[in-house]
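Given the structure is predicted, the values throughout are model-derived calculations rather than measurements.
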Amino acid sequence: MSGVVRAAWRLGAAVARVRAGRPLSQAASGGAEGGGAEGGGGGSGSREAVERLVREHPVVVFMKGSPEQPLCGFSNAVVQILRLHGVEDYRAHDVLQDPDLRQGIKNYSNWPTIPQVYLNGEFVGGCDILLQMHQNGDLVEELKKLGIRSALLDAEKDQDKK
């Protein structure tokens, strides 16, 4: 896994520098360009359907595979980061099961890759951004805003007692 995390970090470093300092509400650039699955048909890849999915739970992940069986290293890294923080209650959607959803979520976020993470209905980014947030402590703070206490806070407390 460390090779995957290292690769994700290298891949995302440039993107993270460009996006650094932007509030979560500005993380998504506001919509998609081009047609595709964005029409008003109401299918699984429509803007309305995707909007419902990202708002259905405080933590939503669009990934390849499932949390129990991720089918790519980047999806696995996102699952592991969430697990480190003790986030077990989240919605995961396997985009490999639905090509319309796979394209629809890319259009919705204007972000070309999977996995994609949403916190409180707002696009955060992919594996690279989540990894950066984990490393710099921002993920603990964002989870706190959702009423989720990161398990890493308890681990730090245990270390302080020793």
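For the atom pair Cys127 SG and Met63 CE, the distance stands at 11.0 Å (nearest 0.5 Å). One distance of note links CZ of Arg149 with NE2 of His85; it measures 12.5 Å at 0.5 Å rounding. Interatomic distance, CD1 of Ile114 versus OG of Ser109, reported as 7.0 Å (0.5 Å rounding). Here the straight-line distance linking atom CG of Leu143 with atom NZ of Lys145 works out to 10.5 Å at 0.5 Å rounding. Once rounded to the nearest 0.5 Å, the distance linking CD of Gln103 with CG of Asn107 reads 4.5 Å. Within the model, atoms CD1 of Ile81 and CD of Gln135 stand 8.0 Å from one another, a figure rounded to the nearest 0.5 Å.
Between the side chain of Gln116 and the main chain of Trp111, a donor-acceptor pair closer than 3.5 Å is present. With hydrogens and angles ignored, the 3.5 Å screen pairs no side-chain donor or acceptor of Ser75 with any backbone N or O of Pro70.
Paired with Leu130 under the rule side-chain contact (heavy atoms from CB on, under 4.5 Å), one option of Leu139, Val61, Leu119 passes, and it is Leu139.
Between Phe123 and Tyr118, the ring planes are tilted. Angles from 30° to 60° get that label.
In this structure, Val78 is not a member of the same hydrophobic cluster as Leu84, with clusters built from ILVMFWY side-chain heavy atoms closer than 4.5 Å. Grouping the Ile, Leu, Val, Met, Phe, Trp and Tyr side chains by contacts below 4.5 angstrom, directly or via other members, places Val79 with Leu146. In this structure, Val60 is not a member of the same hydrophobic cluster as Leu96, with clusters built from ILVMFWY side-chain heavy atoms closer than 4.5 Å.
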### Query
Step by step, would you call Lys64 with Arg102 a side chain to side chain contact (heavy atoms under 4.5 Å, CB included)?
CA-CA 9 Å; Lys64 294 177 181 175; Arg102 184 175 185 174; 3.5 Å; yes
### Task
Any chance you could lay out the side chain to side chain contact (heavy atoms under 4.5 Å, CB included) test for His134 and Leu152, step after step, and finish with the verdict?
CA-CA 10 Å; His134 164 69; Leu152 292 182; 3.6 Å; yes
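Leu101 is listed as a side-chain neighbour of Leu53, based on a closest heavy-atom distance under 4.5 Å. Contact check for Phe74 versus Thr113: no side-chain heavy atoms found under the 4.5 Å cut-off. In this structure the side chain of Glu142 never reaches within 4.5 angstrom of the side chain of Glu122, judged on heavy atoms.
At a cut-off of 3.5 Å, with distance as the only test, a side-chain donor of Asp89 or His57 sits close to an acceptor on the other residue.
Nearest heavy-atom pair, Ser44 versus Asp98, reported as atom, atom and distance to 0.1 Å: OG-OD2, 2.6 Å.
In the displayed structure, Glu88 atom CD is contacted under 6.0 Å by at most 12 heavy atoms of other residues, nucleotides or ligands.
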